Asks: 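Input: one structure, supplied below.
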Amino acid sequence: MVTPVRTTGKPFNPTGRVAKKSPSVGQRSMIPDWLKIKYVLVSMALIAIGIGIFFMFLESEEKKVKKQFHLLSEGVSKETGENIFTLDQKLKKIGSLFNDTCDMAIPAHSISGQMTREEITGYAARGRLYVSELHLTFHDVMITFPQEGEARARVTARLTGKTTAGEGINEAHEIDCLLKKIEKKWLFSSIEVVEVLKK
Amino acid sequence: MVIRFTGERITLLKRVVALENEEVEFQNGKLLINGKEQEEPYLQYPYDWTLPARRVEPGSVYVVGDNRSVPMQNHLFGQTSLTRILGGPLW
């Protein structure tokens, strides 16, 4: 008697055990191609995340530096009929934005050298006596980070307002600033008004 | 010449009167370059500026505007770097 046999095309394996595949001759790696692609994709994703975090960090530092300019603008600006309380608050604000000492170079006002925070606020207080209204705005702010904890900013500072004598103020200057990060705060350490035209 | 004064938008329109290493001087409303008085037919009004002689540094030019009837202190002029020159007017 002949027992019918169903042909499945699979090799005969009466025990049903799964045999381990032995690497064939010429096969270089045990890692399959799909896994290699997975590794590459994960690596690329990690690199992209790293780059993203780096730029996020840079951007946030840039925002912090820009904020200092915004605060300086608020501190220097003066409205008509400013009271003593506001003046005091603004001077304190100005002082908090500067390093213990700051290198100043303002050729038009014959200012050159290192000034302490107190000297700067004193200078700002005296300057306010000559103006009834003053607005300081910053434009074209270009910030670079030459090394860790240092930010260099080149900005256009625009001053508008009125003197106590009634004369209009309308000036624009290119300013080169160096800010240093001290105790998580960006503080002005150098301010130089660029002398474009030297008589 | 159009000179970049500050930022990307604020420019000045000035006339180049002296090149590098030349000596510039104003004497009672007369411009002198290397000690020679210059003819300036483009000036519409007389002026009275007096400024001692100074030499233009290398890489710079000396620029002055044509409206010199204002006091010298109120007029923006002087030596500026060549890198600040953006171009010249077309007409």
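Keep in mind it's a predicted model, so treat the numbers as computed, not measured. Throughout, a chain's letter reflects where its sequence line sits, starting with A, and its residues are numbered from 1. All values below come from the heavy atoms of this structure, side chains included, with hydrogens, waters and symmetry mates left out.
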Asks: Just checking A:Leu46: does its CG atom have more than 12 heavy atoms from other residues, nucleotides or ligands closer to it than 6.0 angstrom?
Replies: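 More than 12 within 6.0 Å, yes.
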Asks: Before giving the answer on side-chain contact (heavy atoms from CB on, under 4.5 Å), spell out for A:Asp140 and B:Arg9 the whole-Å C-alpha distance, their side-chain angles and the decisive distance to 0.1 Å.
Replies: CA-CA 9 Å; A:Asp140 300 328; B:Arg9 290 167 289 183; 3.2 Å; yes
Asks: May I ask whether B:Leu51 and B:Val56 are part of the same hydrophobic cluster, defined by side-chain heavy atoms of I, L, V, M, F, W, Y residues being less than 4.5 angstrom apart, directly or through others?
Replies: yes
Asks: If you draw a 6.0 Å radius around OH in A:Tyr39, do more than 12 non-hydrogen atoms from other residues or ligands fall strictly inside?
Replies: no
Asks: Could you look at B:Leu76 and say if it's the side chain, the backbone, both or neither that has a heavy atom under 4.5 Å from chain A?
Replies: both
Asks: Out of curiosity, A:His139 NE2 to B:Thr6 OG1, how far, rounded to the nearest 0.5 Å?
Replies: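 OG1 of B:Thr6 is found 9.5 Å from NE2 of A:His139.
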Asks: Pick from A:Val155, A:Val141, A:Thr156: which one has the most heavy-atom pairs with chain B under 4.5 Å?
Replies: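 When all of A:Val155, A:Val141, A:Thr156 are compared, A:Thr156 has the most.
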Asks: Measure across A:Val196 and B:Arg84 and return the closest heavy-atom pair with its distance rounded to 0.1 Å.
Replies: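 Where A:Val196 meets B:Arg84 most closely, the heavy atoms are CG1-CD, 3.5 Å.
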Asks: Taking the side chain as everything from C-beta on, heavy atoms only, tell me whether A:Leu197 gets closer than 4.5 Å to B:Gln79.
Replies: no
Asks: Would you say that A:Lys199 contacts B:Phe77 through its side chain, given a criterion of any heavy-atom pair below 4.5 Å between the two side chains?
Replies: yes
Asks: Count the heavy atoms belonging to other residues, nucleotides or ligands that lie under 6.0 Å from CZ of A:Arg154, then report whether that count exceeds 12.
Replies: yes
Asks: With rounding to the nearest 0.5 angstrom, report the CD to OG distance, A:Glu195 to B:Ser81.
Replies: 13.0 Å
Asks: Apply side-chain contact (heavy atoms from CB on, under 4.5 Å) to residues B:Arg54 and A:Lys198 and explain how you reach the verdict.
Replies: CA-CA 11 Å; B:Arg54 64 231 26 239; A:Lys198 202 159 71 178; over 6 Å; no
Asks: So what's closer than 4.5 Å to chain A heavy atoms on B:Val63: side chain, backbone, both or neither?
Replies: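 Contact with chain A is through the side chain of B:Val63 alone.
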Asks: Please indicate whether B:Met72 has more than 12 foreign heavy atoms, meaning atoms of other residues, nucleotides or ligands, lying under 6.0 Å from its CE.
Replies: yes
Asks: Linking I/L/V/M/F/W/Y whenever any side-chain heavy atoms sit under 4.5 Å apart, do A:Phe98 and A:Ile182 land together?
Replies: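 No; tracing contacts between hydrophobic side chains, which count when under 4.5 Å, never links both residues.
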Asks: Do A:Ile143 and A:Leu97 sit in the same hydrophobic cluster, where Ile, Leu, Val, Met, Phe, Trp and Tyr count as joined when their side-chain heavy atoms come under 4.5 Å apart?
Replies: yes
